[in-house]
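All remarks here apply to the structure that follows.
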Amino acid sequence: MRRISVFGATGSVGQNTLDLVEPGAVDVVALTGGGNVAQLARDAIRFGAEVAVTAHDDRLDDLRAALAGSGVEAAAGEAALAEAADRPADWVMSAIVGAAGLVPGLRALRHGSTLALANKESLVCAGPLLMAVAARHGARILPVDSEHSAVFQALAGEDPASVEKVVITASGGGLRDVPLDALRDATPEQAGTHPNWNMGQRITIDSASMFNKAMELIETKEFFGFAPDKIEAIIHPQSLIHALVQFNDGALMAHLGAPDMRHAIGYALNWPARAPLPVARLDLAEVARLDFRAPDLERFPALDLAQVVMDRGGLSGAVFNAAKEAALDLFIDRRIRFTDMAVLVKRVLDRLEGQGCLDADTLTLDMVLQTDALARRTAHALAPDLT
Ligand code: NDP
């Protein structure tokens with residue numbers, strides 16, 4: 001039977017993944033979560049997982065208690081997450097949020113598992129490393145971010161050399177119609193509401209700031225290997241087209257579907273086959289129109305930063321990702337304003353560029369982790385200057 005593991009099983013992508021898996025139809029090896037130990041235990045028991053891992057050491061007793069008598073092993077902490085990724089599995093969903101997803105993803109690739117990659121931070125902070133490890137171990141990475149799944153599907157059977165450009169769409173997020181001068185005072189609650197997608201809090205706020213789209217531009221470069229000047233983002237408020245690929249004969253291939261992550265997850269789960277999925281079908285007559293507009297770079301400075309990172313390469317993605325995560329933490333804690341997030345990330349990039357910390361020909365895990373920690377420290381040190 002097929003063996004699967006889900007990292008970040010208690011989150012939005014993780015729960016959507018489990019929604020597509022029938023208990024008993026696969027062998028579930030590992031399910032992991034963070035603080036939501038009750039959900040983790042419920043799912044581990046329902047799927048008869050070998051092991052359930054919480055990222056938090058101090059929740060191990062709660063997890064053990066919730067799993068008592070079930071036969072599911074309980075474990076906790078970073079080392080246990082890595083160990084769970086060492087357990088042989090055919091298909092591993094990487095849906096931990098943040099850079100914490102990098103190590104388990106790399107470990108799964110080292111065992112030749114197919115990695116369904118939702119954790120975009122891995123590609124942004126260590127794209128070349130991830131791709132090199134996958135190639136070395138004959139492992140496959142399948143994109144789960146809906147835009148990249150759409151590009152992947154549009155490219156099926158095509159010669160990448162015939163691609164003129166890739167366009168990923170952006171809804172514009174929860175604050176897209178808020179006047180520019182009111183953005184500064186947007187609260188985490190306002191930014192954490194999305195007009196089309198139902199996602200975790202962090203990615204929803206990143207959608208409002210377009211840091212999410214900035215990450216996806218970088219992901220596109222890292223995953224597909226296209227030059228930065230061939231990759232762009234466009235605002236498409238309905239979120240029905242997820243991405244478009246333009247070829248050298250002028251043909252533009254678009255991927256459309258309802259905004260439901262189970263599309264992209266199901267595609268990665270069943271690839272290379274397609275299988276029926278319980279997602280809404282589009283009624284084009286009802287849709288009637290599709291709108292597009294160019295993103296306003298004054299409103300969305302994160303997109304400019306993505307361009308800098310794609311052009312710069314080296315460790316700039318690791319700095320960008322960590323500074324962005326730190327800025328998001330500070331915004332959620334109400335210690336900086338919404339518009340300060342992009343200012344802070346730019347200052348961290350500039351500071352570490354000035355100190356020569358972005359240069360690297362070949363990325364190693366140690367380099368990425370050290371740079372990640374340095375960028376977070378720098379962000380916290382520079383944040384008080386913003387207020
Ligand atoms: P959620 O916040 O909903 O879930 C995150 C998961 O990671 C949870 O299982 C959470 O556990 C766990 N977790 C949190 N912190 C840690 C940690 N330090 N170590 C280990 N596990 C941890 O996030 P999403 O599901 O929204 O997103 C997951 C990833 O997928 C992100 O990288 C996101 O950018 C990407 N993505 C998400 C999409 C979406 O529709 N949501 C779309 C495309 C990509 P717990 O909840 O138990 O604390």
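Ligands are counted one by one from 1 in listed order, and the atoms in each one are counted from 1 as well. Heads up: numbering here begins at 1 and tracks the sequence. Just so you know, these numbers come straight off a predicted model, no measurement behind them.
At a cut-off of 3.5 Å, with distance as the only test, no side-chain donor of K120 or N321 sits close to an acceptor on the other residue.
Among the atoms of S12, some N or O lies under 3.5 angstrom from an N or O of ligand 1. Ligand 1 has no N or O atom lying under 3.5 Å from any N or O atom of S146, backbone or side chain. For ligand 1, one of its N or O atoms has an N or O atom of G11 under 3.5 Å away. Between N198 and ligand 1, no pair of N/O atoms sits closer than 3.5 Å.
Nearest protein heavy-atom neighbour of atom 48 (O) of ligand 1: G35 N, 2.8 Å. Ranking protein heavy atoms by distance to atom 18 (N) of ligand 1, first place goes to A100 CB, 3.7 Å.
The proximity of I203 to ligand 1, defined as any non-hydrogen pair under 4.0 Å, is limited to the side chain. Only the side chain of A55 comes within contact range of ligand 1, with a heavy atom under 4.0 Å; no backbone atom does. Under 4.0 angstrom from ligand 1, the non-hydrogen atoms of E121 all belong to its side chain.
Close approach of ligand 1 to T10 (heavy-atom distance below 4.0 Å) involves ligand atoms 8 (C), 9 (O), 10 (C), 11 (O), 45 (P), 46 (O), 47 (O). Within ligand 1, counting atoms from 1 as listed, the ones closer than 4.0 Å to a heavy atom of G200 are 3 (O), 26 (O), 41 (N). Atoms of ligand 1 lying under 4.0 Å from at least one heavy atom of V13, given by number and element, are 25 (O), 30 (O), 37 (C), 38 (C), 39 (C), 41 (N). Less than 4.0 angstrom separates some heavy atom of G8 from each of these atoms of ligand 1: 6 (C), 7 (O), 9 (O). Proximity to A118 (heavy-atom distance under 4.0 Å) selects the following atoms of ligand 1: 30 (O), 32 (O), 35 (C), 36 (N), 44 (C).
In this structure, L81 counts as a contact residue of ligand 1, since one of its heavy atoms falls inside 4.0 Å of the ligand. At least one heavy atom of M261 lies less than 4.0 angstrom from ligand 1.
Ring geometry for F224 versus F152: interplanar angle of 30 to 60°, hence tilted.
With salt bridges taken as basic N to acidic carboxylate O contacts below 4.0 Å, one links D62 and R59.
The closest non-hydrogen atom to atom 22 (C) of ligand 1, taken over L40, I96, D145, comes from I96.
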